[in-house]
There are 2 protein chains.
Amino acid sequence: MDNNLYKRKAEIFKALSNPVRLEIIDLLTTGEKCVCEIVEQLNYEQPHISKSLNKLKEVGLIQDRKEGLNVYYSLKICCMGDFFNCLNKIINQEK
Amino acid sequence: MDNNLYKRKAEIFKALSNPVRLEIIDLLTTGEKCVCEIVEQLNYEQPHISKSLNKLKEVGLIQDRKEGLNVYYSLKICCMGDFFNCLNKIINQEK
DNA sequence: GTTATATATTCCAATTATGGCATATAAAGA
DNA sequence: TCTTTATATGCCATAATTGGAATATATAAC
C-alpha cells in the first residue's frame, strides 16, 4: 500500500487518540450537536472543546454547519460504531 | 460511559496513530510473522520495529510467541479489517 | 565456556501534543 | 453603533512521541 495512505490513516487514528475527542464522538453518535451543548455536557473549557472539534474536522471525521450564532457538528462516518464495539470487546476481555 | 474507558480506548487509537505501526498491522493481517520477516519487509531499523511491536502489544492489539531465537507476532483482534475498509472509504472520498 | 544471531532496551535530541488562560471574531439585537 | 452571546484562535509551559545510534539480553551452535 502507498505510504501516504498509511500517513493519512495514522492522522485519523491520532485524532481519535484522546479521551475528550472520543467523548465528543460518542456524544455525536446520538445526532448533531451545537458547540454549546457539547460544552455543557462535557466538563471542559469551551476553547478546549473548540480545538478538539477542529482536530476531528481536519481529519474528516466530523462536519460543521452554521446557523446564526451557533455551529452544529455532526459525524461524517458511520462505521465508527462497529469498531468501537470491537474495542469494547478487547477492553472487557482484560477484566 | 466511564472516563477510564475513554482513556483506554484513546491508548489503543494512539498505538494505531503511526504509519509504521499501521504497516506492521497490515503485514500481520496475512498471518503470524517473526520480527526478522517484518524488518525485512519494512524499511526501518530493527530497534524501531521492536519498539513498534512492543507498543502494539502493550495495548493488546497483538501477541507474541517465542520459538528458539525468533519471536513471532500475530494479531489479537479480528475487527480491524472492517474499520480499515471504512477509513479507506473516507480517504477515497477526498480525491 | 565462546561466538553468532535474533530481538529488546536505553539514551538522546528534535518535534509535536496537551490543556489552561486570554483574547479575537462573527452574528444578532437594541 | 454598542452590546451580548457563541465560537474560534493565539500563546505558553509542560509533557509525550519520534526515530536514530549504541548497547544489552537471550538462545543456539560449537
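Keep in mind it's a predicted model, so treat the numbers as computed, not measured. Chain letters run A, B, ... following the sequence lines, proteins first and then strands; every chain starts at 1.
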> Whole Å only: how far is the CZ atom of B:Arg65 from the P atom of D:dT27?
Replying inline: 15 Å
>> I'd like to know if the side chain of A:Arg21 reaches the main chain of A:Lys14, judged simply by a donor and an acceptor atom lying under 3.5 Å from each other, with no hydrogens or angles considered.
In response: yes
> Mapping A:Ser52 and A:Gly68 to their closest nucleotides on DNA chain C, which lands nearer the 5' end?
Replying inline: A:Ser52
> Roughly how many Å is it from CG in A:Leu53 to C1' in C:dG19, rounded to a whole number?
Replying inline: 15 Å
> Has the side chain of B:Arg8 got a donor or acceptor atom that lies under 3.5 Å from a matching backbone atom of B:Val59?
Replying inline: yes
> Considering only D:dG19, D:dA6, C:dT9, which nucleotide approaches the side chain of B:Asn18 most closely?
Replying inline: D:dG19
>> Just so I know, are the side chains of B:Tyr6 and A:Asp26 near enough to count as touching, which here means a heavy-atom distance under 4.5 Å?
In response: yes
> Out of D:dA8, D:dG19, C:dA6, which has the shortest distance to the side chain of A:Tyr73?
Replying inline: D:dA8
> So what does A:Lys55 hit on the nucleic acid, given a heavy-atom distance under 4.0 Å: a base, only sugar-phosphate, or nothing?
Replying inline: sugar-phosphate
> Near B:Glu32 CD, under 6.0 Å, is it more than 12 heavy atoms from other residues, nucleotides or ligands?
Replying inline: yes
> A:Leu53 and side-chain contact (heavy atoms from CB on, under 4.5 Å): which partner among A:Asp64, A:Val71, A:Val35?
Replying inline: A:Val35
>> How many whole angstroms separate atom CD of B:Glu45 from atom P of D:dT18?
In response: 17 Å
> Given atom NZ of B:Lys57 and atom P of C:dA8, what is their separation to the nearest angstrom?
Replying inline: 8 Å
> Within the modelled atom types, does a donor on one side and an acceptor on the other bring the side chain of B:Gln46 and the base of C:dA8 under 3.5 Å apart?
Replying inline: yes
>> Taking 4.0 Å as the cut-off, does a side-chain nitrogen or oxygen of A:Asn70 come that near to OP1 or OP2 on D:dT7?
In response: yes
>> Just the rounded figure in Å: distance from P of C:dA28 to CD of A:Glu67.
In response: 10 Å
>> From the set C:dG19, D:dA8, D:dT17, return the single nucleotide nearest to any side-chain atom of A:Lys51.
In response: C:dG19
> In whole angstroms, how far is the C1' atom of D:dT18 from the CG atom of B:Leu56?
Replying inline: 15 Å
> In whole angstroms, how far is the C1' atom of D:dA16 from the CD atom of B:Glu11?
Replying inline: 13 Å
> Near DNA chain C, under 4.0 Å by heavy atom, which residues of residues 30-44 of chain A?
Replying inline: none
> Counting side-chain heavy atoms from CB outward, which of C:dT7, C:dG20, D:dT9 is closest to A:Ser50?
Replying inline: D:dT9
> Does atom CD of A:Glu37 have more than 12 heavy-atom neighbours from other groups under 6.0 Å away?
Replying inline: yes
> Has the side chain of A:Lys76 got a donor or acceptor atom that lies under 3.5 Å from a matching backbone atom of A:Ser74?
Replying inline: no
>> Rounded to whole Å, please give me the gap between NZ in A:Lys66 and C1' in C:dA26.
In response: 7 Å
> Want to settle it: does A:His48 or A:Leu69 sit nearer the 5' end of DNA chain C, counting the closest nucleotide to each?
Replying inline: A:His48
